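Have a look at the structure below, then the notes.
Bear in mind the structure is a predicted one, so any value in this text is a computation, not a measurement. For ligands, and for the atoms within them, numbers begin at 1 and follow the listed sequence.
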Amino acid sequence: MPSKKPLTTTFMALALTAAASLVPGSTFAEDAADLILQHGVFYPVEPAEPVDGSLAIRDGAIVYLGDDAGAAAFAGPATETIDLGGRAVTPGLIDAHSHLFGLGAALVQVDAVGTASYAEVIERVAAAAAELPAGTWVLGRGWDQNDWAGDKAFPHHRQLSAAVTDHPVWLTRIDGHAALLNATALDALGLDGSVEDPSGGRFLRDGEGQLTGVLIDNAMDVARTAVPPPSAEEAARRLRLAADHCLARGLTTVTDMGVSAGMIAAYDRLADAGELPIRAALYLTDDAALLADWFERGPRLDPEGRLTIRGVKLYADGALGSRGAALVEPYSDDPANLGLLVSSGDHLAEVATDAVGAGFQVAIHAIGDRGNLVALDALERAQQSRAFQQWPRLRIEHAQVMRLQDIDRMVERHVIASMQPTHATSDMPWAGDRVGERRLAGAYAWQRVLQAGGKLAFGSDFPVERAAPVLGLYSAVSRQDLDGQPAGGWLPQQRVSRHQALHGFTLGAAEAVFLEHLVGSLAVGKRADLVVWDRDPMTVPERQIVDAQADLTLVDGEIVHRRETGR
Ligand SMILES: [Zn+2]
């Protein structure tokens with residue numbers, strides 16, 4: 001909206017600016033910055049070239065970016081100044097595809113990976129339980145009795161139940177195919193020796209016919225449905241933990257791909273209390289009742305861009321590792337298998353059409369080339385359903401293995417490719433086995449998307465991958481693992497430059513969540529979301545990008561993370 005300031009106000013503003021710049025030290029209080037970061041190297045993203053100098057912030061917005069001398073005009077009696085001593089500053093990084101709520105759940109799980117004995121697992125669980133109100137479920141994962149000294153048989157809940165009595169406990173085994181529950185959990189779920197084994201699952205029993213607390217496969221699924229979701233208070237606590245975790249790693253805007261009504265309530269609770277320190281863009285999960293409700297109400301467009309709900313997350317297919325991604329031709333390492341579509345093309349097109357009609361953005365998970373084909377067809381049908389006044393920013397999530405003609409079609413349709421650099425480096429040991437040499441031409445093909453003129457938004461899919469954008473930047477420019485393998489990078493022609501990588505994690509991701517007018521670059525007028533790095537991720541040797549740490553993270557000009565340096 002164009003501002004309709006009376007002319008006199010504009011003249012007054014000009015006069016004030018002129019006065020301030022002509023007479024050093026005479027800045028009017030209302031013009032002074034709240035904070036000046038000086039002696040830094042600033043990467044605005046747009047334009048690409050860094051600026052040596054200062055950045056000034058007033059009322060949460062950037063009011064100056066330029067040489068150090070020019071910043072003096074913004075220094076008033078109450079201005080705080082931080083000398084960066086030459087450190088690098090980037091815009092706050094943005095994760096276009098993540099699961100903040102899932103990260104919160106992962107962060108509070110007891111980590112039992114690498115435990116050397118059952119006693120050690122119990123010790124960790126008891127310590128976690130001591131921090132939680134009685135009755136709260138304690139969840140954990142990662143135990144493996146094969147790593148424990150002595151007997152390699154499955155554990156019995158007896159010792160665990162004796163140590164943790166006031167909290168129900170659920171500990172998933174390292175492979176995800178078994179869980180150990182304590183007596184409190186078994187009681188809470190109404191499970192005892194009389195329970196029957198479901199098909200495809202077992203409740204293990206001891207010599208007396210009593211449950212040992214170990215649940216195998218479908219027995220876990222049966223029991224899991226009875227585990228209550230976390231209380232609203234606990235859900236909000238986890239979200240806060242997850243947000244702080246992200247801020248400490250330089251993320252200032254995250255997404256939550258696939259939220260339920262209960263999850264939205266947890267976000268609202270935190271945001272209403274003024275305790276959501278990060279920007280979050282939420283995407284509704286594909287649930288008929290939830291979508292009907294929101295399509296009726298319309299999207300929530302927060303003018304401040306803190307908590308936005310304007311997107312819908314749909315699924316076309318599964319994942320490549322488990323051969324659930326849908327392919328046009330069979331898997332190269334499983335000739336009878338085409339993978340599977342988890343939604344029909346008609347379903348995707350119908351929901352996408354309704355969503356777009358109600359003013360929502362659509363993001364479709366598509367991994368295999370058939371998944372991507374079906375997703376693109378659905379998005380095209382939605383686009384044709386009405387005349388667009390503006391770019392609807394339809395998205396494909398992952399866009400992992402695509403036929404080359406579909407990459408072109410995605411670009412022609414202005415569909416955003418929402419891709420995760422660390423997925424490529426996680427999958428590279430086996431992706432070639434799954435799809436074969438020829439199909440790799442359109443696999444994790446970031447540079448091909450860019451060269452075709454496409455829109456690329458980067459993310460991590462945390463907690464599937466770690467929530468550290470430096471890992472994504474490193475994968476994007478190197479296509480190597482942390483040991484620098486393979487030499488030269490995997491499918492190296494798809495590597496991107498550091499600037500392209502930073503763009504994908506800032507402005508590219510901002511466009512994917514409709515926030516580029518507020519964030520994603522360092523520019524006068526934009527919100528002051530930025531990161532001060534302990535080393536310059538844009539110039540250090542490639543492998544050291546992952547060592548870069550956020551010294552300071554700012555959102556809306558507020559310091560929301562300050563690294564303990566031990567100095
Ligand atoms: Zn995801």
Lys/Arg cation over aromatic Phe101: Arg238, 6.0 Å, 45° cone: no
Can you tell me how the ring of Trp446 sits relative to the ring of Phe458, calling it parallel under 30°, perpendicular over 60° and tilted otherwise? perpendicular
Report whether any nitrogen, oxygen or sulfur of [X] sits less than 2.8 Å from the Zn ion (ligand 1) (N, O or S, backbone or side chain).
X      : value
Asp461 : yes
His97  : yes
His99  : yes

Does atom CD (Gln405) have a neighbourhood of more than 12 heavy atoms from anything else shown, all under 6.0 Å? yes
Less than 4.5 Å apart, side chain to side chain, heavy atoms only: is that true for Leu379 and Leu348? no
